[in-house]
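First listed ligand is number 1; within each ligand, the first listed atom is number 1.
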Amino acid sequence: MSANLTARVSAALQQITNPRTGEDLVSSEQATNIAVTLDGRVRLELRLASADDATLARTVRQAIEKVEGVTGVHVDVRDALQVTVTADAPAAKPPRSLPVMSQPGAPSTPKAPEPESYPNLGRIIAVSSGKGGVGKSTVTVNLAVALAMQGKRVGLLDADIYGPNLPLMLGVNEPPKVENEKIVPLEAHGVKVISLGFLIERDQPAIWRGPIVMKIITQFLRDVDWGQLDFLFVDMPPGTGDAQLSLVQAAKIEGAVIVTTPQEVSVGDALRGAKMFERVGVPVLGIVENMSWFESPETGKPMAIFGSGGGQRLATELGVPLLGQVPLYPPVGEGGDSGRPIVMADPACSAATKLVEIAGKLQQKP
Ligand SMILES: Nc1ncnc2c1ncn2[C@@H]1O[C@H](COP(=O)(O)OP(=O)(O)OP(=O)(O)O)[C@@H](O)[C@H]1O
Ligand SMILES: [Mg+2]
């Protein structure tokens, strides 16, 4: 969606020739760092030499305003000479302009915005972990589908913009439609879902940083046509980074569920992750220990795996409940790959039963 808009903006800029150079603004790199937001606002840098006609900036703005889908334009006019000089000096590179309208020029220290209430989103629950690959997305998807199967209205927001994978896990992958200026979430197994995975090209490097993360998360909360929900699960990227901070600054969330594996190293990271939420006043609702033991699909027998008891230790340390333990059961992973979460693909297996039990506990929360 935004990739197309960038292309259209770039094409419009190619139509503008600088009378001084006889070249178009894109080939001569006079117009550069084009950035667009999901809602159609465009920002770009225009490098003007002193001999250039200063009305070029206006021409550029007017041309972009006419591009279909553009809702706003901001042109940063820079001194071409200065840009060249600073760019040559390695210690003082010009700040990389980010596709965020509210952050002109060099990053300042933005005031933390007040978290907003979104009554239509129901109970917003962040699912987080300290370490990557512990099964956060798998757990989130299954909790969401389990609650939807019980008749709850559930939304799923994939905030893992560094490696979004909810589309694959839910078996949906198409660009969401925009209707009445709202993004229409996709629906899978009764769950409404929105993911950056729908909006970025699969092999596009996801170099999204602080302010843009905030921008996207706010947009996903505000500009998606969620309707009325009972639960909104937010699948976080691992760690305590921009997405976590952005979410708690953007919205009043009910709490966080922390996923960990039984091993000590994962627990240590999870503790740091949990403390971050507590520091910003977001309660930890409980711990889910994933891959607690191995369960063979052939024999159904549980087998202890290396390290144990981490989930309980973490829960004790934080004074929060251990919501449940989910076995490492290969069909859980296969369900993720095929877009059929285990709670619906094989509701009778013990992994599914455990996940449904955890979903039930979340439901009981006040
Ligand atoms: N209980 C389980 N049994 C079997 N496989 C599992 C289980 N939980 C997760 N997996 C598999 O482990 C891998 C990692 O899981 P997942 O992607 O959910 O983790 P994550 O914490 O979201 O990772 P990331 O940090 O990359 O976002 C996936 O291949 C998933 O299918
Ligand atoms: Mg994940």
Hey, is ligand 1 close enough to [X] that some N/O pair sits below 3.5 Å?
X: T138; value: yes
X: S137; value: yes
X: V139; value: no
X: V326; value: no

At under 4.0 Å between heavy atoms, is it the side chain or the backbone of [X] that contacts ligand 1, or both, or neither?
X: D235; answer: neither
X: A351; answer: neither
X: M169; answer: side chain
X: N290; answer: side chain

Using heavy atoms and a 4.0 Å limit, tell me yes or no: is [X] in contact with ligand 1?
X: G132; value: yes
X: S129; value: no
X: P327; value: yes

Closest protein heavy atom to [atom], given as residue, atom name and distance to 0.1 Å:
atom: atom 24 (P) of ligand 1; result: G133 N, 3.5 Å
atom: atom 19 (O) of ligand 1; result: G135 N, 3.0 Å
atom: atom 12 (O) of ligand 1; result: M291 CE, 3.7 Å

Atom [atom1] of [X] and atom [atom2] of [Y]: how far apart are they, to the nearest 0.5 Å?
X: D235; Y: L157; atom1: CG; atom2: CG; result: 9.0 Å
X: T59; Y: N18; atom1: OG1; atom2: CG; result: 10.0 Å
X: E45; Y: Q30; atom1: CD; atom2: CD; result: 11.5 Å
X: S296; Y: Y329; atom1: OG; atom2: OH; result: 8.0 Å
X: R47; Y: N33; atom1: CZ; atom2: CG; result: 6.0 Å

### Query
Given the rule in the side chain to side chain contact (heavy atoms under 4.5 Å, CB included) test, do Q150 and Q363 qualify, once you have shown the distances and angles that lead to the verdict?
CA-CA 10 Å; Q150 292 165 24; Q363 232 187 116; 2.5 Å; yes
Please answer: with hydrophobic residues joined when any side-chain heavy atoms are less than 4.5 Å apart, are [X] and [Y] in the same cluster?
X: V184; Y: L121; value: no
X: W293; Y: V134; value: no
X: I16; Y: V67; value: yes

### Message
As an exercise, identify every atom of ligand 1 less than 4.0 angstrom from a heavy atom of G333.
### Response
4 (C), 5 (N), 31 (O)
### Query
Can you list the atoms of ligand 1 that are under 4.0 Å from a heavy atom of N165?
17 (O)
[atom1] ([X]) with more than 12 external heavy atoms under 6.0 Å:
X: K177; atom1: NZ; result: no
X: E278; atom1: CD; result: yes
X: Q228; atom1: CD; result: yes

### Message
Using salt bridge (charged side-chain N to carboxylate O under 4.0 Å, His left out), reason through D230 and R153 one step at a time and then give a plain yes or no.
### Response
CA-CA 5 Å; D230 298 312; R153 296 164 296 181; 2.8 Å; yes
### Query
Quick one: does atom 3 (N) of ligand 1 have a protein heavy atom under 4.0 Å from it?
yes
### Task
Verify the contact flag for atom 28 (C) of ligand 1, where contact means a protein heavy atom under 4.0 Å away.
no
### Task
State whether E254 and R123 are salt-bridged, where the test is any N-O pair (Lys NZ or Arg NE/NH1/NH2 against Asp/Glu carboxylate O) under 4.0 Å.
yes
### Task
Enumerate the residue pairs fulfilling salt bridge (Lys or Arg N to Asp or Glu O under 4.0 Å) with a member in residues 319-331, sequence neighbours excluded, ordered by first and then second residue.
none
#### Entry: Contacts of the Mg ion (ligand 2) with protein N/O/S atoms, counting only those under 2.8 Å
S137 OG
